[in-house]
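Heads up: the structure comes next, in structure tokens.
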Amino acid sequence: MQDEELYSGTIYLIRHGMTSGNRERRYVGSTDEDILETEWPVLTERGNKLRARGVFPEQPGFLAVSPMIRSRTTAKLLMPDTKQHIYKDLRECSFGAFEYRNHEELLGRPDYGHFLETYGKCGFPEGESYEAYFDRTNAAYLDVLRDAKDRGPLVICAHGGTIRVILASHAEEQREFYEWPAENGCIYRCERDGETGKLKDVTLLTGPSD
């Protein structure tokens with residue numbers, strides 16, 4: 001999508017650090033829990049290492065965050081002196097009846113079996129549909145691009161689902177939603193082309209050693 005009023009340039013996509021629910025492999029959507037305290041030094045060190053390598057900005061031009069505390073704490077640890085701009089629709093998917101339950105607790109439910117068979121595309125019972133989540137997240141992403149115009153580099157700190165929606169929808173490299181890795185604390189760097197609106201040179205900056 002070509003739009004002179006939208007940001008183009010370097011974008012960093014960050015998933016929040018691990019929470020207690022994440023550690024127990026639960027569906028953590030609307031539950032507003034903070035990251036584990038053990039994550040604090042890990043994330044601080046990660047930001048410092050990436051800055052030392054010259055691949056992470058000393059001071060972002062614009063920082064957009066989900067309203068959930070796990071995202072806001074992560075952004076604070078990685079970029080302590082940067083103002084946070086909160087976008088409510090960058091929040092995670094509404095998991096409905098699956099909220100804060102894990103695989104073992106959901107086994108045996110017919111709706112969960114159907115969910116697994118469709119790779120989540122059937123949506124969540126009593127929660128958001130796959131299409132509604134994509135629409136909401138992409139609308140918020142466009143709002144961020146408008147607000148960040150000429151204020152790069154742009155950083156978006158949110159959730160695994162948020163990152164996957166943005167990459168599945170806009171990356172030049174075509175992959176399905178679940179084909180984009182999005183571990184806790186991961187950081188992607190990419191370039192948004194102002195002519196096509198596509199995200200190019202998508203690079204995962206983090207790995208087991210970071």
Side-chain angles (χ1 to χ4, degrees), residues 7-19 21-23 25 27-29 35-36 38-66 68 70-80 82 84 87 90-93 119-120 133-134 137-138 140-142 144-145 148 152-194 196-210:
Y7 172 84
S8 60
T10 305
I11 298 178
Y12 295 85
L13 301 172
I14 302 173
R15 184 186 178 188
H16 62 79
M18 184 173 290
T19 71
N22 294 148
R23 183 173 57 187
R25 304 188 67 82
Y27 287 92
V28 185
I35 65 173
L36 299 167
T38 53
E39 290 283 274
W40 297 4
V42 174
L43 291 168
T44 298
E45 183 180 11
R46 179 168 298 165
N48 290 336
K49 281 184 176 180
L50 293 176
R51 275 186 284 270
R53 286 167 47 192
V55 295
F56 193 66
E58 290 289 340
Q59 185 70 26
F62 195 87
L63 171 58
V65 299
S66 155
M68 311 305 283
R70 54 193 184 270
S71 296
R72 292 187 283 118
T73 298
T74 299
K76 181 69 174 178
L77 291 166
L78 288 168
M79 298 154 286
T82 304
Q84 298 184 9
Y87 291 80
L90 287 178
R91 68 190 186 279
E92 184 57 279
C93 183
Y119 296 94
Y133 182 50
F134 263 68
T137 304
N138 278 319
Y141 172 64
L142 289 179
V144 171
L145 293 178
L154 166 61
V155 177
I156 299 175
C157 185
H159 307 271
T162 312
I163 291 172
R164 289 185 174 112
V165 168
I166 292 172
L167 292 176
S169 302
H170 304 285
E172 188 173 59
E173 178 185 355
Q174 294 187 351
R175 296 192 205 176
E176 291 291 326
F177 178 88
Y178 283 112
E179 292 177 336
W180 290 101
E183 298 296 322
N184 288 107
C186 73
I187 303 176
Y188 279 95
R189 182 180 64 181
C190 52
E191 297 291 325
R192 183 176 184 275
D193 187 292
T196 65
K198 292 294 184 181
L199 299 177
K200 299 182 175 182
D201 303 321
V202 178
T203 304
L204 185 58
L205 299 178
T206 50
S209 62
D210 292 305

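All values derive from a computational prediction rather than experimental measurement. In this chain, numbering begins with 1 at the start of the sequence shown.
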side-chain contact (heavy atoms from CB on, under 4.5 Å) evaluation trace for Arg15 with Asn22: CA-CA 12 Å; Arg15 184 186 178 188; Asn22 294 148; 3.7 Å; yes
Flag side-chain contact, heavy atom, 4.5 Å: Ile35 against Met18: no
Exceeds 12 heavy-atom contacts within 6.0 angstrom, atom CZ of Arg25: no
Check: Val65 main-chain N/O paired with Ser71 side-chain donor or acceptor under 3.5 Å: no
Val165 side chain near Tyr133 side chain, heavy-atom distance below 4.5 Å: yes
Any donor-acceptor N/O pair, Tyr7 side chain to Thr10 backbone, under 3.5 Å: yes
Crowding at CD, Glu183 (>12 non-hydrogen neighbours, <6.0 Å): no
Separation of Ile163 CD1 from Trp180 CH2 (nearest 0.5 Å): 11.5 Å
Thr82 side chain reached by Pro60 side chain, heavy atoms, under 4.5 Å: yes
Centroid separation Phe56 to Tyr12 less than 6.0 Å: yes
4.5 Å side-chain heavy-atom contact, His170 and Arg192: no
Check: Met68 and His16 side chains under 4.5 Å, non-hydrogen atoms: no
Atom CD of Gln174 with >12 non-hydrogen neighbours under 6.0 angstrom: no
Contacts of Phe134 that satisfy ring-ring contact (aromatic ring centres under 6.0 Å, His included) - sequence neighbours left out: Tyr130, Phe177
Check: Ala158 main-chain N/O paired with Thr162 side-chain donor or acceptor under 3.5 Å: no
Minimum side-chain heavy-atom gap Leu77-Val42 below 4.5 Å: no
Short side-chain to backbone donor-acceptor contact, Glu173 and Val202, under 3.5 Å: no
Test item: side-chain donor near acceptor, Ser66 and Glu92, under 3.5 Å: no
Pair Asp193 + Lys200: basic N to acidic O under 4.0 Å: yes
Test log, rule side-chain contact (heavy atoms from CB on, under 4.5 Å), inputs Asn48 and Leu50: CA-CA 6 Å; Asn48 290 336; Leu50 293 176; over 6 Å; no
Tyr188 OH to Thr206 OG1 distance, which is reported to the nearest 0.5 Å: 8.0 Å
Main-chain N/O of Leu205 paired with Thr203 side-chain donor or acceptor, under 3.5 Å: no
Side-chain heavy-atom pair Ile156, Leu63 within 4.5 angstrom cut-off: no
Distance (rounded to the nearest 0.5 Å) between Ile187 CD1 and Arg46 CZ: 6.5 Å
side-chain contact (heavy atoms from CB on, under 4.5 Å) between Leu204 and Cys186, intermediate numbers included: CA-CA 7 Å; Leu204 185 58; Cys186 73; 4.0 Å; yes
Contacts of type side chain to side chain donor-acceptor pair (under 3.5 Å), residue Glu39, not counting sequence neighbours: none
Spacing of CD1 belonging to Ile14 relative to CZ belonging to Arg189, to within rounding of 0.5 Å: 12.5 Å
Gap separating the CD atom of Glu172 from the CG atom of Leu167, nearest 0.5 angstrom: 12.5 Å
Euclidean distance, Asn138 CG relative to Ser169 OG, rounded to 0.5 Å: 4.0 Å
Tyr119, OH: over 12 other non-hydrogen atoms inside 6.0 angstrom: no
Non-hydrogen atoms of Pro57 and Val155 that approach each other most closely: CG-CG2, 4.5 Å
Working for side-chain contact (heavy atoms from CB on, under 4.5 Å), residues Glu191 and Ile11: CA-CA 6 Å; Glu191 297 291 325; Ile11 298 178; over 6 Å; no
Contact check, side chains of Trp40 and Thr73, non-hydrogen atoms, under 4.5 Å: yes
